[in-house]
Amino acid sequence: MSKEITSREQDYSQWYNDLVIKGGLADYSAVRGCMVIKPYGYSIWEKIQRTLDDMFKATGHVNAYFPLFIPKSFLSKEAAHVEGFAKECAVVTHYRLKNSPDGKGIIVDPDAKLEEELIVRPTSETIIWNTYKDWITSYRDLPLLINQWANVVRWEMRTRLFLRTAEFLWQEGHTAHATKEEAVEETMKMLGVYADFAEQWMAIPVIKGYKTANERFAGAEDTYCIEALMQDGKALQAGTSHFLGQNFAKAFDVKFVTKENKSEFVWATSWGVSTRLIGALIMAHSDDKGLILPPKLAPIQVVIVPIYKTEEQLATINEKATEIKKSLEAKGISVKYDNDDKQKPGWKFAEYEMKGVPIRIAMGPRDIENGTVEIARRDTGEKHTYSFTDLTTKVEHLLEQIQLNIFQKALDYRDEHITRADTWDEFVDVLENKTGFVAAHWDGTSETELKIKEKTKATIRCIELNAHAEEGKCILTGNPSHKRVLFAKAY
RNA sequence: CGGGGUGUAGCGCAGUUGGCUAGCGUACCUGCUUUGGGAGCAGGGGGUCCCUGGUUCGAGUCCAGGUACCCCGACCA
């Protein structure tokens, strides 16, 4: 009763907002475009962090931390980079406040103006490459494989919880290599890490591809990405991996001496994923009753709800539930036993469904008598009664099944929503009515891409890595094309 | 930055033509009864009606200006 969720059909945006807020993941804050990530939402981020961090370490990376502030002059050293980010930078101009002369409040002290303004990092390439200059002198210093977990600020015109906030949390990997081949290899390796994480942990199928010039990261030679499809048929870029060539090395004069004693610029990559992933997670799986979280990232994997009339019954259930909780926890399963007597079972059922807890175990006097529990799975809503015997194994299997099931469901939806279009009318029709990805021919020019965007709001999400050669004609101009690319409306 | 919307109790909202003590649901506190799908009854506490100024005997309500946030778009992860 107290927490109604807007249905997807009624208002998709409102449904999303309801899930975030009523699911207890995050809240609007007093600061424009900035959200408060609440404990439940943050614990999802912590799981994402922990898992990715392990994957980064396993691929040879180490963590470091660079400053939040970037001297303004640094940003302009790489031409394309500054052009891409200039319009959304928060700028620090002063370092002191003082009491207002009229006695009301406090003002910026005009005498405390900075010599050079500081930019709150929108990304850290510049400050990092300025540092790398001092760290790299010889081929022996390479490769340099560093990751940073940080917050960044991009002053977006319009923000959305998790999907696009003015401040967001992310990780950014910045690597330096002796050869182009090695840097390209690194770029692809990390793209693979992201894709594996998205599919195996978040249960979100992704398409690996590369961006057209229009969509490329500011300062990159090539931008690779993983693209996911949300339930409203819009695409969401879930992670990017950039091959930066020697652009930043040249901008910040980062050279190394080869074995042959020659001085050369180093080759670079950068790659990142952000708290936006949580937005993807929410939209990919959830339904009109609330969140559906993949077991591998759910803060609570199993909730146990007692049902009782008397203190004696509760005492018996407490004993059994604690036993079950312990045996599940011994298998690394996170369990919440909610015997809070301030809420009734029905309320708890609804609440944990809203929060996307994958498995709910209900235990009442009836169960104690029969030596059973009732298990409900969040993804399908199915309820079954199981005996205590081998309960832990059953729950483990069920968690695995749920993980696979929601991935399969998302995969089926995604695959059904990749549509080939060969005529303009067909193309527009799919984008308008069926939605999702449209695989179509494109003549390879930025002009055509922009015209299509103007007409349909769809952009080229990526050119698939495994796109096979196929002769055809551009959907708009009819000019020759050698493979299809994926268009979609996107977040 | 353009278009639309909203600011009244923690949250969600109502408040008529300007009218006297600002209300409803929920949440909260107390008590009793309840507990297998968001409990019931009784009692209780809680307000800078977004801000500033104006009109008026009287403003939550009318007028002007400001401000904040949300939604749709343009920009972007």
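Order of the sequence lines fixes the chain letters, A, B, ..., with proteins taken first and strands second; residue numbering starts at 1 for each chain. Keep in mind that what you see is a predicted model, and the values were worked out from it rather than measured.
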Sugar-phosphate only, base, or nothing, as touched by A/R32 at under 4.0 Å among non-hydrogen atoms: sugar-phosphate
Touch class at under 4.0 angstrom, heavy-atom based, for A/F217 against every strand present: nothing
Per A/E156 side chain, nearest of listed nucleotides B/G38, B/A77, B/G36: B/A77
Nearest-Å distance once atom P is located in both B/G60 and B/C49: 8 Å
Sugar-phosphate only, base, or nothing, as touched by A/T165 at under 4.0 Å among non-hydrogen atoms: base
Base B/G38 paired with A/Q343 side chain (donor-acceptor, <3.5 Å): no
Spacing of the C1' atoms in B/C24 and B/U17 (rounded, Å): 23 Å
Comparing A/P345 and A/A166 on RNA chain B - which has the more 5′ nearest nucleotide: A/P345
Nearest-angstrom distance, P atom, B/A68 to B/A27: 34 Å
For B/G36, the Watson-Crick or wobble counterpart (both distances under 3.5 Å): none
Sugar-phosphate, base or nothing in reach of A/Q14, heavy atoms under 4.0 Å: nothing
For atom NZ of A/K453 and atom C1' of B/C76, their distance in whole Å: 9 Å
Gap between atoms NZ and C1', on A/K342 and B/U34 respectively (whole Å): 17 Å
Nucleotide forming a Watson-Crick or wobble pair with B/C41, both distances under 3.5 Å: B/G31
Indicate every side-chain donor-acceptor pair of residues 196-213 of chain A with a distance under 3.5 Å to a residue at least two apart or in another chain.
unit_1	atom_1	unit_2	atom_2	d
A/E199	OE2	A/V206	N	2.9
A/Y210	OH	A/K483	NZ	3.4
A/K211	NZ	A/E227	OE2	2.8
A/K211	NZ	A/Q237	OE1	3.0
A/K211	NZ	A/R461	O	2.8
A/T212	OG1	A/E449	OE1	3.0
A/T212	OG1	A/E449	OE2	2.8

Sugar-phosphate only, base, or nothing, as touched by A/Q237 at under 4.0 Å among non-hydrogen atoms: sugar-phosphate
Counter-base of B/G25, judged by Watson-Crick or G-U geometry with both distances under 3.5 Å: B/C11
Candidate nucleotides B/A74, B/C72, B/C76, ranked by approach to the side chain of A/S13 - the nearest: B/C72
P-based separation of B/A39 from B/U26 [nearest Å]: 11 Å
A/Y65 side chain to A/W149 backbone, donor-acceptor under 3.5 Å: no
Partner nucleotide of B/A68 by Watson-Crick or wobble geometry (both distances under 3.5 Å): B/U6
Verdict with reasoning, A/T59 to A/M190, per side chain to side chain contact (heavy atoms under 4.5 Å, CB included): CA-CA 9 Å; A/T59 44; A/M190 299 323 287; 4.1 Å; yes
Nearest-Å distance once atom C1' is located in both B/G31 and B/U48: 35 Å
Nearest-Å distance for atom pair CG/P, residues A/D18 and B/C71: 11 Å
Nearest-nucleotide pick for A/F349, side chain only, options being B/A74, B/A77, B/G37: B/G37
Minimum-distance nucleotide (side-chain atoms of A/Y28 versus B/C76, B/C71, B/A77): B/C71
Integer-rounded Å distance: B/C72 C1' and A/R164 CZ: 14 Å
Residue A/K457, side-chain atoms from C-beta onward, closest of B/U35, B/A74, B/A77: B/A74
Touch class at under 4.0 angstrom, heavy-atom based, for A/S274 against every strand present: base
A/I21 CD1 - B/C11 P separation (whole Å): 12 Å
OP1 or OP2 of B/C71 under 4.0 Å from side-chain N/O of A/N17: yes
Test log, rule ring pair (Phe, Tyr, Trp, His ring centres under 6.0 Å), inputs A/F487 and A/F427: CA-CA 9 Å; A/F487 287 88; A/F427 181 75; 5.0 Å; yes
Pair partner, B/C1 [Watson-Crick or wobble, under 3.5 Å]: B/G73
Exercise: do A/E172 and A/H174 side chains pair donor with acceptor under 3.5 Å: yes
Atom-to-atom span, CD1 of A/I307 to P of B/G37 - whole angstrom: 7 Å
Sugar-phosphate, base or nothing in reach of A/L163, heavy atoms under 4.0 Å: base
B/G15 and B/U6, which share atom name P, separated by this distance in whole Å: 11 Å
Integer-rounded Å distance: B/C70 C1' and A/M35 CE: 16 Å
B/C75 phosphate, OP1 or OP2, under 4.0 Å from A/R158 side-chain N/O: no
Identified side chain to side chain contact (heavy atoms under 4.5 Å, CB included) counterpart of A/F168 within the set A/R154, A/E156, A/R276: A/R154
Ring geometry between A/Y194 and A/W271 (parallel below 30°, tilted from 30 to 60°, perpendicular above 60°): perpendicular
Integer angstrom distance from the P of B/A9 to that of B/G65: 26 Å
Identified pairing partner of B/C57, criterion: Watson-Crick or G-U wobble below 3.5 Å: B/G19
A/Y224 OH to B/A77 P, straight-line distance once rounded to whole Å: 17 Å
Short side-chain N/O contact from A/T123 to OP1 or OP2 of B/A77, under 4.0 Å: no
P gap between B/U16 and B/U8, integer Å: 16 Å
A/M157 vs A/K309, nearer the 5' end of RNA chain B by closest nucleotide: A/K309
Side-chain donor-acceptor contact under 3.5 Å, A/E125 with A/T123: yes
Among B/G38, B/G36, B/A77, the one nearest A/R154 by side-chain distance: B/A77
A/F437 vs A/K489, side chain to side chain contact (heavy atoms under 4.5 Å, CB included): CA-CA, chis, key distance, verdict: CA-CA 8 Å; A/F437 291 110; A/K489 291 182 189 174; over 6 Å; no
